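Worksheet: one structure, shown below.
Keep in mind the model is a prediction, meaning the values are calculated, not measured. Counting from 1, the numbers follow the sequence of the chain as shown. Start at 1 and go down the list; that is how both ligands and their atoms are numbered.
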Amino acid sequence: MLQVIKLIKDIKQRIRALKEDRVRIGFVPTMGAVHEGHLSLIREARKENGAVVVSIFVNPLQFGKNEDFDRYPRTFDNDCNLLSQEGVDIVFKPDTSEMFPDGFCTSVVPARLEDKLCGKFRPGHFRGVAVIVLKLLNLIKPDIAYLGQKDFQQAVVIKRMVSDLHLDVAIKVLPTIRDRNGLALSSRNAYLSETEKKDALCLYQALTKAHSMVNAGIQNTESIVREMEKIINTTKSAVIDYISIVSPETLEEEPIARSGNVAALAVRIGKTRLIDNMIL
Ligand code: AMP
């Protein structure tokens, strides 16, 4: 039976009981609007743990002033049905005031990583991500937390934080789930019109191009990025925020593209900002 917990005192008590019973806890943090990408993480967590906890929290600290916090899809009842079907034990769904009561002022700064890639376009975003994930890890105390490669920079920031702060949790990053055309699943895809959904395939096409160029022995990042830009720029509704080929730990740009580097991009399709990446 899926148990919905909203209060910090209740989640603490429930986690304490699980720990006393020595139950392994798998944790999947989300912002809800659950899709197959989330479910892939949940299924892995279900296989590997005695208890699975999913959090649903649309974190205001990781949204910029003019971003989509207010209209971010919130589909809690449907989410619960899906989580129930996957055998999730606990959904933790705190209110904003529960997580950030008046007076809250502590921040976590992923220095050096926060200004790269998406950070350039979303100032403060990764501080917001880091502090909420740290809070959730402190509350849930999971043995393993499951993240998606889809949010590559987020996974890098969280792994770094876990290592820097000696947190006692293993982080597993699982592959990006795509629809049959290659579009990476995302809660934000709900914003796309049918035409925009077709246009959005240019992200995957550009990444596939980079992948095949590296496979063909082309290593010059500039020429790879130029080919990727061509693909995006021939798509009517698409505007590039960035295209980069980076090292997967430091997020530093790699002038010579090698297998194991990550091609990452953010593209606006109409009003919707999409991100995607591929390990080369
Ligand atoms: P979100 O609800 O968008 O914050 O995502 C919650 C978790 O699901 C994050 O670790 C994401 O990286 C992961 N996730 C989102 N979309 C996908 C996807 N298409 N494939 C795999 N994981 C995903």
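Figure legend: cation-pi geometry between R14 and F92 absent, as NZ or CZ is not positioned both under 6.0 Å from the six-membered ring centre and within 45° of its axis.
Using a 4.0 Å cut-off between a side-chain N of Lys or Arg and a carboxylate O of Asp or Glu, R43 and E36 qualify as a salt bridge. Look at R46 and E86 and you find no salt bridge, because none of the NZ, NE, NH1 or NH2 atoms lies under 4.0 Å from a carboxylate O.
Close N/O approach between M31 and ligand 1 is found [any backbone or side-chain N/O within under 3.5 Å].
Nearest-heavy-atom check against atom 11 (C) of ligand 1 across I56, D151, V28 picks out D151. Relative to atom 6 (C) of ligand 1, the option among G148, S55, P29 with the closest non-hydrogen atom is P29.
By the 4.0 Å heavy-atom criterion, A33 is excluded from the residues contacting ligand 1. By the 4.0 Å heavy-atom criterion, P175 is counted among the residues contacting ligand 1.
Environment of CZ in R74: crowded, with over 12 heavy atoms of neighbouring residues, nucleotides or ligands closer than 6.0 Å. Shown here is E67, whose CD atom has more than 12 heavy atoms of other residues, nucleotides or ligands within 6.0 Å.
Remark: F104 engages F100 in a ring-ring contact (aromatic ring centres under 6.0 Å, His included) (not counting sequence neighbours). Residues satisfying the ring-ring contact (aromatic ring centres under 6.0 Å, His included) test with H35, not counting sequence neighbours, are H38.
When non-hydrogen atoms are compared, ligand 1 lies under 4.0 Å from the side chain of K150 (C-beta onward) but not from its backbone. Of the heavy atoms in H35, only side-chain atoms (C-beta onward) come closer than 4.0 Å to ligand 1.
Remark: minimum distance from atom 1 (P) of ligand 1 to any protein heavy atom is reached at H38 NE2, 3.6 Å. At the top of the distance list for atom 20 (N) of ligand 1, counting protein heavy atoms only, stands I177 N, 2.8 Å.
Under a 4.0 Å criterion applied to the non-hydrogen atoms of L185, ligand 1 contributes the atoms 16 (N), 17 (C), 18 (C), 19 (N).
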